[in-house]
Amino acid sequence: MRNPWKKFSIAAFLITALATAAVAAATDTYGIPNASFPEPGVMAAGQPTGEQIQLAAEDGYRTILDLRAPSEAREFDEALAARQNGLAYVNIPVTLDTLGHATIDRFLEAMERAERPVLLHC
């Protein structure tokens with residue numbers, strides 16, 4: 001390629017394409033409702049399905065932090081689904097009755113210890 005502008009244009013296109021792919025991969029929500037990314041390595045979302053847990057694990061997620069109370073209805077055994085997909089599973093029930101300094105401290109400690117990326121959900 002003798003034309004330096006052509007070479008520059010191709011390089012710029014490739015860099016843009018790679019950057020776009022990296023951002024898309026970092027923000028894939030696997031269809032989990034109400035998903036957001038409050039900080040790098042953390043997806044906060046609604047209740048995932050077993051299939052969504054599997055997809056997240058295949059994409060490199062390492063930990064699930066579940067804030068739902070055991071009394072809440074579930075369609076599957078989430079702890080088992082996490083283990084079957086090689087994910088650490090932590091449950092810290094957050095309800096009006098349990099919300100206090102001790103629960104907040106447990107949550108902060110779990111977030112500090114969690115191997116990222118983390119799927120945090122309620």
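Heavy-atom basis, side chains included; hydrogens, waters and symmetry copies ignored.
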(request) Tell me, please, which residues at least two apart from T103 pass side chain to side chain donor-acceptor pair (under 3.5 Å). (result) none

(message) Taking the side chain as everything from C-beta on, heavy atoms only, tell me whether L119 gets closer than 4.5 Å to I32.
(response) yes

(request) Could you pull out all residues at least two apart from E109 that satisfy salt bridge (Lys or Arg N to Asp or Glu O under 4.0 Å)? (result) R113

(message) Could you see if I64 belongs to whatever hydrophobic cluster contains V94? Use Ile, Leu, Val, Met, Phe, Trp, Tyr and a side-chain cutoff under 4.5 Å.
(response) no

(message) I need the full list of salt bridge (charged side-chain N to carboxylate O under 4.0 Å, His left out) pairs touching residues 91-104, with sequence neighbours left out, sorted by first then second residue.
(response) none

(request) Looking only at non-hydrogen atoms, find the nearest pair between A110 and I92 and report the distance. (result) CB-CD1, 3.7 Å

(request) Quick one: name the residues clustered hydrophobically with L80, using the 4.5 Å side-chain heavy-atom rule over I, L, V, M, F, W, Y, and just say none if it's on its own. (result) none

(message) I want to check something: taking the side chain as every heavy atom from C-beta on, are N85 and Y61 in contact at a cut-off of under 4.5 Å?
(response) no

(message) I'd like to know whether Y30 forms a side chain to side chain contact (heavy atoms under 4.5 Å, CB included) with D59, so could you lay out the CA-CA distance, the side-chain angles of the two residues, the decisive distance to 0.1 Å, and finally the verdict.
(response) CA-CA 10 Å; Y30 320 104; D59 209 18; 2.5 Å; yes

Show which side-chain atoms of residues 33-44 pair as donor or acceptor with protein atoms under 3.5 Å away, not counting sequence neighbours.
residue, atom, partner, partner atom, Å
E39, OE2, R116, NH1, 2.7
E39, OE2, R116, NH2, 3.4

(message) With clusters defined by side-chain heavy atoms of hydrophobic residues (ILVMFWY) lying less than 4.5 Å apart, directly or transitively, does V118 cluster with V90?
(response) yes

(message) For D66 versus N91, what's the shortest heavy-atom pair and its separation?
(response) O-ND2, 3.0 Å

(request) Starting at CG of L65, measure out to OH of Y89 and round the result to the nearest 0.5 Å. (result) 9.0 Å

(message) Taking the side chain as everything from C-beta on, heavy atoms only, tell me whether F107 gets closer than 4.5 Å to L120.
(response) yes

(request) Apply side chain to side chain contact (heavy atoms under 4.5 Å, CB included) to Q47 and list each qualifying residue two or more places apart in sequence or on a separate chain. (result) R68, R74, F76, E78, H121

(request) Could you tell me which residues satisfy side chain to side chain donor-acceptor pair (under 3.5 Å) with Q52, sequence neighbours excluded, listed by chain and number? (result) T49

(message) Going by the rule side chain to side chain donor-acceptor pair (under 3.5 Å), which residues pair with E58 if we only count those two or more places apart in sequence or in a different chain?
(response) Q54

(message) E115: which residues meet the salt bridge (Lys or Arg N to Asp or Glu O under 4.0 Å) condition with it, sequence neighbours left out?
(response) R62

(request) With sequence neighbours left out, write down each residue that passes salt bridge (Lys or Arg N to Asp or Glu O under 4.0 Å) with R83, or none if nothing qualifies. (result) none

